[in-house]
Amino acid sequence: MTQSRIMMGTVVDMRVYGKSAEKAMEQAYAKIQEIENRMSVNLEGSEISQINKAAGLNPVKVSTETIAVLQKAIEFAQLTNGAFDPTIGPLVSAWGISTDHPRVPTVIEIDYLTDLINWQDVEIKAEENQVSLARPGMAIDLGAIAKGYAADEAVAVLRANGVESAFVNLGGNVYVIGAKPDNSPWRIGIRDPFAQEANSFVGVISATDTSVVTSGTYERYFVKNGVTYHHILDPKTGYPAESDLASVTIISPESIVADAVSTSTFLIGKEAGKALIESLPNVEAVLVDKDRNVWVSSGIRNQFEIAEGFALDETR
Ligand code: AMP
Ligand code: MG
């Protein structure tokens with residue numbers, strides 16, 4: 001059974017097989033809605049909005065799951081020396097790249113806003129479920145990690161309902177349960193980041209029971225005076241990150257990790273990204289650099305088929 005709903009600012013597709021499919025899918029969508037209600041920056045009353053409104057004022061009590069996602073985001077801020085930073089909120093709002101009125105902020109604005117970005121100014125009191133932001137104007141944005149968390153939770157709900165075969169896609173954040181109903185592995189295409197069409201691929205991954213998450217500049221961007229501005233921002237410069245990578249795909253049974261690592265790798269670039277990927281357990285990757293070289297991590301090479309027009313980068 002197949003369904004699509006708009007949630008978390010994207011299209012959430014589910015294809016679920018088995019007797020309990022309908023009930024399981026309904027509960028999984030409800031779980032994603034609950035996560036959006038807690039973690040969205042775009043919803044007035046969400047826990048993240050409450051934290052942001054109280055920046056520089058008082059701590060806010062939130063759910064254990066919001067604390068856990070925030071802690072995971074901070075772990076990646078540490079691992080990337082602050083290239084990945086969940087306090088990127090003020091810059092995300094200024095650029096408005098995911099809105100229908102994006103704009104290039106002024107240099108003065110950028111200068112002011114970059115000073116507000118610092119994950120070390122997030123204080124978490126885990127025992128009391130409290131979060132506070134040290135300075136007024138600071139804001140958390142979990143856009144780089146929340147869809148991964150939601151995928152994990154939706155999959156947990158499906159599995160708890162006995163589902164043994166499913167495909168879940170939160171706007172490019174994919175999770176597959178088991179194999180396809182005919183027992184062959186799921187096949188997940190990795191989009192060609194240089195092509196305009198969405199159905200043109202760098203290659204295909206064959207996978208079961210894992211998540212496949214891609215970060216790329218083609219996902220969200222706008223063009224102004226012939227310059228393309230994308231949505232992954234460099235907290236140091238305040239502008240879209242200049243990466244030597246065109247897209248990063250991470251394969252991991254933990255979608256929250258895949259989501260955090262994909263954005264992080266894009267931000268820190270190919271060499272540092274490879275080192276990050278190799279340092280983490282159960283994390284595999286397909287990196288497409290700006291020269292169309294495709295690097296595939298050792299653990300997934302025999303599950304990846306490259307498309308014509310791309311060169312396999314054989315370096316370790
Ligand atoms: P993703 O699509 O998972 O790569 O995440 C991109 C989203 O993460 C953006 O749309 C922003 O909401 C947010 N974001 C942008 N820049 C950063 C950054 N440097 N660190 C953490 N999150 C970011
Ligand atoms: Mg991400």
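Both ligands and their constituent atoms are indexed starting at 1 by order of listing.
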Looking only at protein heavy atoms, identify the closest one to atom 12 (O) of ligand 1 and say how far it is in Å. D141 OD1, 3.0 Å
Side-chain donor-acceptor contact under 3.5 Å, T214 with T249: yes
Provide the atom name of the closest N, O or S atom of D259 relative to the Mg ion (ligand 2). OD1
Regarding S46 and N37, do their side chains bring together a donor and an acceptor under 3.5 Å, going by distance alone? no
Note: heavy atom closest to atom 1 (P) of ligand 1, options T263, I250, I117, belongs to T263
Tell me whether ligand 1 is touched by A83 - counting only heavy atoms on the residue side and a distance under 4.0 Å. yes
Heavy-atom nearest neighbour of atom 4 (O) of ligand 1 within options S215, P240, A258: S215
Evaluate N293 against K270 for side-chain contact (heavy atoms from CB on, under 4.5 Å), listing each step before the verdict. CA-CA 11 Å; N293 296 308; K270 190 173 179 179; 4.2 Å; yes
Below 2.8 Å, can you find an N, O or S atom of V261 next to the Mg ion (ligand 2)? no
Where ligand 1 meets D85 - atom numbers and elements under 4.0 angstrom, heavy-atom basis: 18 (C), 20 (N), 21 (C)
Any idea which atoms of ligand 1 are less than 4.0 Å away from a heavy-atom of L267? 18 (C), 19 (N)
Treat each ILVMFWY residue as a node, draw an edge where side-chain heavy atoms are under 4.5 Å apart, and state whether V204 and F167 are in one component. no
State if H231 counts as touching ligand 1 under the rule of any non-hydrogen atom under 4.0 Å. yes
Among F222, Y239, F266, exactly one meets ring pair (Phe, Tyr, Trp, His ring centres under 6.0 Å) together with H230. Which residue is that? F266
Over 12 non-hydrogen atoms of neighbours within 6.0 angstrom of OH in Y112: no
Joint hydrophobic cluster, W186 plus M14, side-chain heavy atoms closer than 4.5 Å: no
Confirm or rule out an N/O/S atom of T263, from backbone or side chain, lying less than 2.8 Å from the Mg ion (ligand 2). yes
By number and element, which atoms of ligand 1 are closer than 4.0 Å to a non-hydrogen atom of I88? 14 (N), 16 (N), 17 (C), 19 (N), 22 (N), 23 (C)
If we count only N and O atoms by modelled type, under 3.5 Å, do the side chains of T66 and E47 hold a donor and an acceptor together? yes
Protein residue, atom and distance nearest to atom 5 (O) of ligand 1, heavy-atom basis: A144 CA, 3.3 Å
Would you mind checking which non-hydrogen protein atom is closest to atom 16 (N) of ligand 1, with the distance to 0.1 Å? L233 N, 3.0 Å
